[in-house]
Amino acid sequence: MDKLVIHGPTKLKGEVTISGAKNAAVAILPATLLINGICRIENLPNISDVKMSCKILEALGAKITWITENEIEIDTRDICCTQAPLEMTSKFRASYYLLGSLIGRCGIAEVGLPGGCNLGARPIDQHIKALEALGAKVDVAQGKITAKAKKLVGTSIYMDIVSVGATINAILAAVLADGTTTIDNAAKEPHIVDVANFLNTMGADIRGAGTDVIKINGVKELRGGTSYSVVPDQIEAGTFMLAAVASKGNILIKNCIPEHLDCITAKILEIGGNVENYDDSIRVSMNKRPSKAIVKTLPYPGFPTDLQPQIGSVLAIAEGTSTIHESIWESRFQYTFELNKMGAKITAQGKSAVLEGVKLLTGAPVYATDLRAGAALLIAGIIANGETQLYNIEHIDRGYENIEEKFRNLGANIQRVTEPDEN
Ligand code: UD1
């Protein structure tokens, strides 16, 4: 098993280039199943979740050619299987997108119940509700979901909860359905807009993505024949913005969309940092201890839950006592127990955490409990005094491309070490 060994403290300085968005890529890849043709996808992040998505598509009959490590050509003319391999789909959350795309393409989908980060209960009732509204019969049994429909027919879907995954799944299932589908109370995250843009580029007719009402006029076929570049990763960019603040550094974050990061910028300004926005880059610098803040996670354009642990590392060393309220996931404070091993003073209970800021963290052995927790602990290791050993980094590799290299280029002292398995 690999671990990261970090020696701090380091003030991060320099430039970093943001990769394509993980959460857009893991939706766009299954969306290719709706295309009866060939397309190219550029700016794909080179991460393990993308590699796993590609393996699943290949098992379903897609032919994938890697042009570079960030670009593929995918031929989905001969989809021959509607059963996604259970051992693969159960490993990550975004496998639920295979439901919408397989039923849209083939009228039948069999997918293992999705795995992914352990952030608490992760129900999929809104996904099922959307598929049923479109005319599918959905069964959950023996660890898998089966959806079948002779014909999907456009309809009105009201989401009881703002859900990224259910919104995208409803879009996927509706693209080739007969007639018009309207999704009300849709999620508005940048990657929803990106998936809609991708599908429209391939011939779909989706309007309103990025607002809370999305209309999909069903089309007969998606032909492909063109290329699409994945949107820059909002969460990766936000991670580096917060790393600049935590380390009292100065980072130019290139290839990002500043507008997607407005609420992170606002919070950084509030706690005393400096942010300069350019067309497709952001410079973040900090020259003092951050001040305390109150953070509440919300669906986009609110403060993203996927940056909550990273701002937790910032507020752990802030002047004064901060509070974080997590309103999306019930178990997203596991990282605080690890930060406390490094000298932080955080009390987490239920959906809230109180962070009594300390002057300095100290290196310790810590465990990444999930993807973004891993990013938070990496930032903590960089700003802590002494050596931090960060374990379970396979979580980080799921969603961040070349993470230690990117941080090393900013001056961090990080080594990846492979330890022999105990067994
Ligand atoms: C996506 C992101 C994840 C991010 C989350 C919230 C991907 C692959 N993952 O996850 O990184 O943390 O959005 O921004 O894009 N819910 C239900 N029923 C459902 C679906 C969701 O009750 O059918 C609840 C969830 O428990 C959660 C909330 O709705 O409390 C939001 O979840 P959702 O937006 O669906 O998250 P994901 O799409 O799984």
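Ligands are counted one by one from 1 in listed order, and the atoms in each one are counted from 1 as well.
- Of all the heavy atoms of E326, none lies under 4.0 Å from any atom of ligand 1, so neither backbone nor side chain is involved.
- Formation of a donor-acceptor pair under 3.5 Å by the Y228 side chain with backbone atoms of D194 is found in this model.
- Within the listing of ligand 1, atoms 19 (C), 23 (O) sit less than 4.0 angstrom from a heavy atom of I124.
- The ligand atoms of ligand 1 that sit less than 4.0 angstrom from a heavy atom of R332 are 12 (O).
- Taking the charged nitrogens against the carboxylate oxygens, K63 and D78 do have a contact shorter than 4.0 Å, which makes a salt bridge.
- Looking only at side-chain heavy atoms (C-beta outward), I103 and L152 come within less than 4.5 Å of each other.
- Within the structure, ligand 1 lacks Q308 among the residues with a heavy atom less than 4.0 angstrom away.
- For ligand 1, the polar-atom distance check finds no N/O of A166 at less than 3.5 Å from any of the ligand's N/O atoms.
- Ion pair K351/E330 not flagged as a salt bridge, since none of the NZ, NE, NH1 or NH2 atoms sits closer than 4.0 Å to an Asp/Glu carboxylate oxygen.
- Near Q126, meaning under 4.0 Å from any of its heavy atoms, are these atoms of ligand 1: 18 (N), 19 (C), 23 (O).
- P123 counts as a contact of ligand 1, since one of its heavy atoms falls under 4.0 Å from the ligand.
- For I161, every heavy-atom contact with ligand 1 shorter than 4.0 Å involves the side chain, none the backbone.
- Annotation for ligand 1: atoms under 4.0 Å from non-hydrogen atoms of G165 are 35 (O), 38 (O).
- For ligand 1, the polar-atom distance check finds no N/O of K22 at less than 3.5 Å from any of the ligand's N/O atoms.
- Within ligand 1, the atoms closer than 4.0 Å to a non-hydrogen atom of H127 are 23 (O), numbered from 1 in the order shown.
- The backbone and the side chain of I328 each have at least one atom closer than 4.0 Å to an atom of ligand 1 (non-hydrogen atoms only).
- Per-residue contacts place T305 under 4.0 angstrom from the following atoms of ligand 1 (heavy atoms of the residue considered): 6 (C), 12 (O), 14 (O).
- Rounding to the nearest 0.5 angstrom, the gap separating the OH atom in Y391 from the CE atom in M1 is 11.5 Å.
- Numbered from 1 in the order shown, with element, the atoms of ligand 1 that lie under 4.0 Å from a heavy atom of H191 read 15 (O).
- For the pair A94 and ligand 1, the shortest N or O to N or O distance does not fall below 3.5 Å.
- One N or O on the side chain of N340 and one on the backbone of I346 form a donor-acceptor pair closer than 3.5 Å.
- Of the heavy atoms in Y300, none comes closer than 4.0 Å to ligand 1.
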